[in-house]
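Okay, structure first, notes after.
The structure displayed is predicted, hence computed values, not measured ones. In what follows, every chain begins at residue 1, and chains take the letters A, B, ... in the order their sequences are listed.
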Protein chains: 2
Amino acid sequence: MSIRLPASARREQLLDVALQVFAHQGYHGASMNDVADAAGVTKPVVYQHFDSKRDLYLALLDEVGERLLTQIAKATAGATDGKHQTELGFRAYFRWVADDHDAFLLLFGSGARRDEEFNDAVRKVTAQVAEAIKPLITADIDPEHQRTLAHALVGLAEGVSRRLVDNGVDFDPDLLARQVSDLAWAGLRVVGRKIS
Amino acid sequence: MSIRLPASARREQLLDVALQVFAHQGYHGASMNDVADAAGVTKPVVYQHFDSKRDLYLALLDEVGERLLTQIAKATAGATDGKHQTELGFRAYFRWVADDHDAFLLLFGSGARRDEEFNDAVRKVTAQVAEAIKPLITADIDPEHQRTLAHALVGLAEGVSRRLVDNGVDFDPDLLARQVSDLAWAGLRVVGRKIS
DNA sequence: CTCGCTGATTACCCTTGAGTAACAATATGT
DNA sequence: ACATATTGTTACTCAAGGGTAATCAGCGAG
């Protein structure tokens, strides 16, 4: 038998381990047995803490999304001008990717995207990130256009990150943030100048 | 019994139908029976044309990726200056999304992304799109930075599209292309001016 | 020391779905 | 008309994996 743990500690451990397992094998690729094994425990233990596989996965998506959002919020809080804010936002995002690798894979490496409920969870995150970005965009263009641009920037960060993560390239989040925010900020300023 | 079709026609039909089925239900969500049913036929018929489920799915990814790439290539061929080329590229992409909806879902709505082999197929497509974009980026920055920016633009298009497709918003691809390429082109020009 | 509570295990059930073997129906060329 | 290739169908096998019932083990309180 394995080491006994108090319920709350076991739950934490399971979330921790499950994140790794799902990130590497995907939702369908990983069985509840895999999760249990990785935790050094047997399947029913997992079911003592989570009602179903979906339940466990949703809990993870929530936790992980929360982490990303708070980090961005914290990072951008101190900035005043838009340019600086843009860079800090991207920096927080890329730092998150760099040192919470598995979290990125879970959320955007997907496996989530094809399930109604999972996709909702992911969308909620991207939508909130987009919301955080919206203030950077000049207010004098129509709201739909604003939303488009906000999501464009979110996608941009995702695209850049995915390439790096997929290819196992290791990268400097801060440098990346500078490079990407240069592009983004310049773009945003120009868009503001024309009434289109 | 259903209508008899010559082998090649049946194969085409199966690819056609399978695209719809997988796009809507995802790889794991759709069974081979689902595909067969949708084609008005029984499972073994599908296996007469494709060795396995994976095989069928890979064939689809290939076909669909090909379609996207050729459309972008065709669209950008006629352009001379970078700005125009950027807009035409995005326009081709968004048009592809608009009227080959299922193809977008199959490729980027994912379910692909978590499988080694599937992910490779998708990566090959995004990498080629990025390659097509690279000429637009000033040559006097380092190659890694160039690649980053290229993938940034690919991600950007994907992010914008995903939001629209997910929310079922219908959109004007040409307008979208103008809005997005304004942002992108302005960004690219500025990046060229600094040696960073 | 033993009762009982919490944490963990063994050994199952049962559905789903990929893949196949054997057979039936419809063309087509002679 | 009849042999033969081609297209389809019925009816299965088999493994994987989500989920559960019954049971066991350790540990603190009385």
Side-chain angles (χ1 to χ4, degrees), chain A residues 1-61 106 111-112 114-118 121, chain B residues 1-61 106 111-112 114-118 121:
Chain A
M1 201 183 268
S2 69
I3 306 140
R4 279 171 73 104
L5 282 183
S8 69
R10 180 66 76 193
R11 193 191 148 91
E12 289 309 307
Q13 186 221 9
L14 285 173
L15 282 170
D16 218 60
V17 163
L19 173 56
Q20 291 173 241
V21 172
F22 282 130
H24 286 74
Q25 305 179 222
Y27 180 75
H28 294 284
S31 70
M32 287 301 256
N33 259 321
D34 292 339
V35 173
D37 281 356
V41 106
T42 54
K43 202 168 31 160
V45 172
V46 182
Y47 281 97
Q48 279 166 13
H49 296 274
F50 303 94
D51 286 347
S52 65
K53 196 183 179 183
R54 300 182 64 75
D55 194 49
L56 169 56
Y57 202 75
L58 281 170
L60 281 175
L61 287 177
L106 192 83
R114 194 72 269 134
D115 177 287
E116 198 63 34
E117 204 172 352
F118 296 164
Chain B
M1 202 181 267
S2 71
I3 304 141
R4 279 170 73 103
L5 281 184
S8 69
R10 180 67 74 194
R11 191 192 149 91
E12 289 308 306
Q13 185 220 9
L14 285 173
L15 282 170
D16 218 62
V17 163
L19 173 57
Q20 290 172 243
V21 172
F22 282 130
H24 286 75
Q25 304 177 224
Y27 181 75
H28 294 284
S31 71
M32 288 300 255
N33 260 321
D34 292 339
V35 173
D37 282 355
V41 105
T42 54
K43 200 168 35 158
V45 172
V46 182
Y47 280 97
Q48 280 166 12
H49 296 273
F50 304 94
D51 287 346
S52 65
K53 195 183 180 184
R54 299 182 64 75
D55 194 49
L56 169 56
Y57 200 75
L58 281 170
L60 281 175
L61 287 176
L106 192 82
R114 194 73 268 134
D115 177 287
E116 198 64 34
E117 205 173 352
F118 296 165

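As judged by a 4.0 angstrom heavy-atom cut-off over every strand, B/Leu56 is placed among residues making no nucleic acid contact.
For B/Tyr47, there are no ring pair (Phe, Tyr, Trp, His ring centres under 6.0 Å) partners, not counting sequence neighbours. Under the ring pair (Phe, Tyr, Trp, His ring centres under 6.0 Å) criterion, A/Phe118 pairs with A/Tyr27, A/Tyr57, not counting sequence neighbours. Partners of A/His49 by ring pair (Phe, Tyr, Trp, His ring centres under 6.0 Å), not counting sequence neighbours: none found. When the side chain to side chain donor-acceptor pair (under 3.5 Å) test is applied to B/Gln13, the partners found at least two apart in sequence or on another chain are B/Arg10. B/Glu12 pairs by the salt bridge (charged side-chain N to carboxylate O under 4.0 Å, His left out) definition with nothing, not counting sequence neighbours.
The terminal axes of the helix from C/dC1-D/dG30 to C/dT30-D/dA1, fitted over 5 pairs per end, subtend an angle of 10° to the nearest 10°.
If you measure from atom NE2 of A/His49 to atom C1' of C/dT6, you get 10 Å, rounded to the nearest angstrom. With rounding to whole Å, B/Asp37 atom CG is found 10 Å from D/dT9 atom P.
For the OP1/OP2 pair of D/dT9 and a distance below 4.0 Å, the side-chain nitrogens and oxygens of B/Ser2 include at least one atom meeting the criterion.
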Expected list for residues 34-44 of chain A: side-chain donor-acceptor pairs under 3.5 angstrom, two or more places apart:
unit_1, atom_1, unit_2, atom_2, d
A/Asp34, OD1, A/Ser31, OG, 3.4
A/Asp34, OD2, A/Gln25, NE2, 3.3
A/Asp34, OD2, A/Ser31, N, 3.0
A/Asp34, OD2, A/Ser31, OG, 3.4

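Of the residues in residues 5-13 of chain B, not one comes within less than 4.0 Å of DNA chain C through any heavy atom.
Counting only residues at least two apart or in different chains, salt bridge (charged side-chain N to carboxylate O under 4.0 Å, His left out) contacts with residues 48-61 of chain A comprise A/Arg54-A/Asp115, A/Arg54-A/Glu117.
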Every protein N/O lying under 3.5 Å from an N/O of nucleotides 13-15 of chain D:
none

Expected rows: protein N/O vs nucleotides 28-30 of chain C N/O, under 3.5 Å:
none

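Distance check, rounded to the nearest 0.5 Å: CG of B/Leu61 to CG of B/Leu56 gives 9.5 Å. Note that CD of A/Gln20 is 12.0 Å distant from CG of A/Leu15, once rounded to the nearest 0.5 Å. With rounding to the nearest 0.5 Å, the separation of CZ in A/Arg114 from CG in B/Leu106 is 9.0 Å.
Below the 3.5 angstrom threshold, one finds no donor paired with an acceptor across the side chain of A/Gln48 and the base of C/dG7.
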Assign a letter to each nucleotide of nucleotides 16-26 of chain C from its 5' end: B, base within under 4.0 Å of a protein heavy atom; S, sugar-phosphate only; -, no contact. -SBBBB---BB
